[in-house]
Chemist: 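Structure provided below as structure tokens; questions to follow.
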Amino acid sequence: METESEPYVRLASLRQLHQVMADMNTARSLADTLQTVADGVINALGYEMACVNLVRPDGDLVVAAFSGNSAAEALITGRVGSRDSWERRLAMGEKWGDLVFIPHTEGWILDDDDVPQWYTDGPAPRFEDEWHPSDRLFAPMYTPGISGSSCGELLGVISVDRPRNGRHPGAWGREALQMYAFQAAIAISNARLRANMQRALVRLERDQQALRASEESFRQAFEYAPSGMAIAEMGGDQHGRILRSNDALCRLLGRPAAAMRRYSFSDLVHPEDIGTLLRTSAEGGRAELRLGRRDGTYVWVSLRNSVVADATDGPRFLLTHVEDIEERKRRELQLAHRASHDSLTGLPNSAELRSRLSSRLCRRADSGGPESLDAAYGHPAHDANGHGFDFAGTSPSASYDGGYDHHVHTVAPEEGRDDGAKGLAVLFCDLDGFKSINDRFGHNAGDAVLIEVARRLGRAVRDGDTVARLGGDEFVILADGLGKADAQDLAVRLRNEIIQPIRAEGRAVRVGASFGIGWAHCGMTADEVLKSADERMYVEKRSRPKAHRRAG
């Protein structure tokens, strides 16, 4: 800036300064802003060289822009000076407001530090304010503060050299450089902010693109998944309501997507499985249950839950994966059935018979009479006169719920009397003449007889009774709630069914049957009950002449 006779300043110089400041604030990038700052020192303030040193994130200062001398620019641009060296420079010399002037008489002590510099030596000044080549003038730039330019943190330093008039700047020149540094700090801060905003916008756009790609990937994975998937509401009044379901789930349940939105899984689950569904944890919960199809049938599925959020701290939804396990369940049921049923007749086998019988019996302190009830339940089984009575106020042979895990005790009718008491009858059946059929006509004929006998026994008993094949030609019937006469009548009826001719291997054959009736009661084991019925069967078999056994 021309300053021949301060405070006189040419209007053209002010206009030029104003234009430079405007250019600083309209630069397109941080690099353009820094170069504009350096060029403005040359064009508007009248210096031959200018350097902009910018504070890096680590605190050191890098030469970010240079103007006025291409050789010096190539020499020092991009080089770094330590923060300690710069702090030492800004703390020494003469203070011209915020400016720091270090005359050539003092600057020699800085010649060997690590701050990049281009200074040269020269003759002593001829007059008092003449500029010496080794003079140094720094204009610190601070982040804009509330009360003035020096209230913020150090942003950088503008270094200037060789005023065109060869003199130290006067009051106006100093004020202009200080004001220029203040405005440059604002422009650089704004450029940094714009750069950060642009980077943030770029990152945001990338994140949005990634989010859109992720959402599209999720949509495709959801829609085209080979197994069923659904999104349901989580929490609130509409908890569990299905918001969205994929094609696989709609096909599995035979329901259109629009109809699925009217339900929750609790509406679709089999009534017997509602407890399983409610016990399933929302986060990572898994359950195997049955869901209802549109045609009224049910399909076994594996249901697995996970929680997803719409956004940070936003609504949470339940993502449910539904896998069709109907075939596996069918195989499991078939295996379980094979393990518990006879492969030839389809009747419960020996293990299943013992399991069903054992489930009705509990072990008492001993298997004796009423005295054993005293020990087991702490109640007297006789009145003051020594007469027996039952705990419910009926006959001693009736069932008694003594509070043993809510178990209703099984009590057998008393031996030698028929007072109408009812219990669990165990009928042990052994076929008469079966071995001769096997011997004469072969095992295929024998198998046909066993199959037909099993069919006739199952047809003759009540719903809820058990017909089991114990092994070979032995069958056992469990019939609850029968008195002695009822059990005997049942044995006669079953025998009459069995002795009818049976078609086997193209011929009619006949077998007879011997029955032994035992009674199950708590305190006995299943084997003890079966042994008792077996023994009674042999008594009955021996009591009839051999010639009449087959005809009954």
Chemist: Does a side chain donor of either Ser514 or Asp432 reach within less than 3.5 Å of an acceptor in the other side chain?
Modeler: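 Yes, a side-chain donor-acceptor pair sits under 3.5 Å.
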Chemist: Between Asp324 (side chain) and Val301 (backbone), is there a donor-acceptor pair under 3.5 Å?
Modeler: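 Checked: no pair found.
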Chemist: Between Glu215 and Arg219, is there a side-chain N and carboxylate O pair less than 4.0 Å apart?
Modeler: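 No salt bridge links Glu215 with Arg219.
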Chemist: Measure across Ser245 and Phe222 and return the closest heavy-atom pair with its distance rounded to 0.1 Å.
Modeler: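 In terms of heavy atoms, the two residues are closest at C-CE2, 3.9 Å.
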Chemist: Walk me through it: do Thr345 and Val453 pass the test side chain to side chain contact (heavy atoms under 4.5 Å, CB included)?
Modeler: CA-CA 9 Å; Thr345 64; Val453 169; over 6 Å; no
Chemist: If you look at every heavy atom in Ala526 and Leu361, which pair is closest and at what distance?
Modeler: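 So the two residues come closest at N-CD1, 4.3 Å.
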Chemist: Are Glu332 and Lys329 ion-paired here, with the side-chain N under 4.0 Å from a carboxylate O?
Modeler: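 A salt bridge is present here (some side-chain N lies under 4.0 Å from a carboxylate O).
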Chemist: To the nearest 0.5 Å, tell me how far Asn305 CG sits from Phe265 CZ.
Modeler: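 Taking CG in Asn305 and CZ in Phe265, the distance rounds to 7.5 Å.
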Chemist: Quick one: are Leu54 and Arg192 in side-chain contact, heavy atoms under 4.5 Å?
Modeler: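 Side chain of Leu54 against side chain of Arg192, heavy atoms only: contact under 4.5 Å found.
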Chemist: Could you walk me through whether Asp439 and Lys435 satisfy the salt bridge (charged side-chain N to carboxylate O under 4.0 Å, His left out) test, starting with their C-alpha distance in whole Å, then the side-chain angles of each, then the deciding distance to 0.1 Å, before giving a yes or no?
Modeler: CA-CA 6 Å; Asp439 295 341; Lys435 184 176 182 300; 3.0 Å; yes
Chemist: Looking at Glu323 and Arg328, does any basic side-chain N land under 4.0 Å from a carboxylate oxygen?
Modeler: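 A salt bridge is absent here (no side-chain N lies under 4.0 Å from a carboxylate O).
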Chemist: Identify every side-chain donor-acceptor pair in residues 201-209 under 3.5 Å, counting partners at least two apart or on other chains, and give the distances.
Modeler:
unit_1 : atom_1 : unit_2 : atom_2 : d
Glu205 : OE2    : Gln209 : NE2    : 3.2
Glu205 : OE2    : Arg212 : NH2    : 3.3

Chemist: Is it true that Glu223 and Arg244 make a salt bridge, defined as a side-chain N closer than 4.0 Å to a carboxylate O?
Modeler: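 A salt bridge is present here (some side-chain N lies under 4.0 Å from a carboxylate O).
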Chemist: Over all heavy atoms of both residues, which pair between Phe428 and Leu530 is shortest? Give the atoms and the distance, please.
Modeler: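 Distance-wise, the nearest heavy atoms are CD1-O, 3.9 Å.
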Chemist: With a sphere of 6.0 Å drawn around CZ of Arg462, does it hold more than 12 non-hydrogen atoms of other residues, nucleotides or ligands?
Modeler: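 For Arg462, atom CZ is crowded (more than 12 foreign heavy atoms under 6.0 Å).
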Chemist: Go through the steps for Arg456 and Glu452 under the test salt bridge (charged side-chain N to carboxylate O under 4.0 Å, His left out), then give the verdict.
Modeler: CA-CA 6 Å; Arg456 293 179 181 182; Glu452 178 60 20; 2.8 Å; yes
Chemist: May I ask you to decide whether Arg330 forms a salt bridge with Glu326, counting only side-chain N to carboxylate O separations under 4.0 Å?
Modeler: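 Answer for the salt bridge query: yes.
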Chemist: Applying side-chain hydrogen bond (donor to acceptor under 3.5 Å, both in side chains) to Ser264 and Asp267, what does each step give before you reach the verdict?
Modeler: CA-CA 5 Å; Ser264 66; Asp267 299 324; 3.2 Å; yes
Chemist: Tell me whether the count of non-hydrogen atoms from other residues, nucleotides or ligands lying under 6.0 Å of CZ in Arg294 goes above 12.
Modeler: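 Atom CZ in Arg294 is not packed in, count stays at 12 or less.
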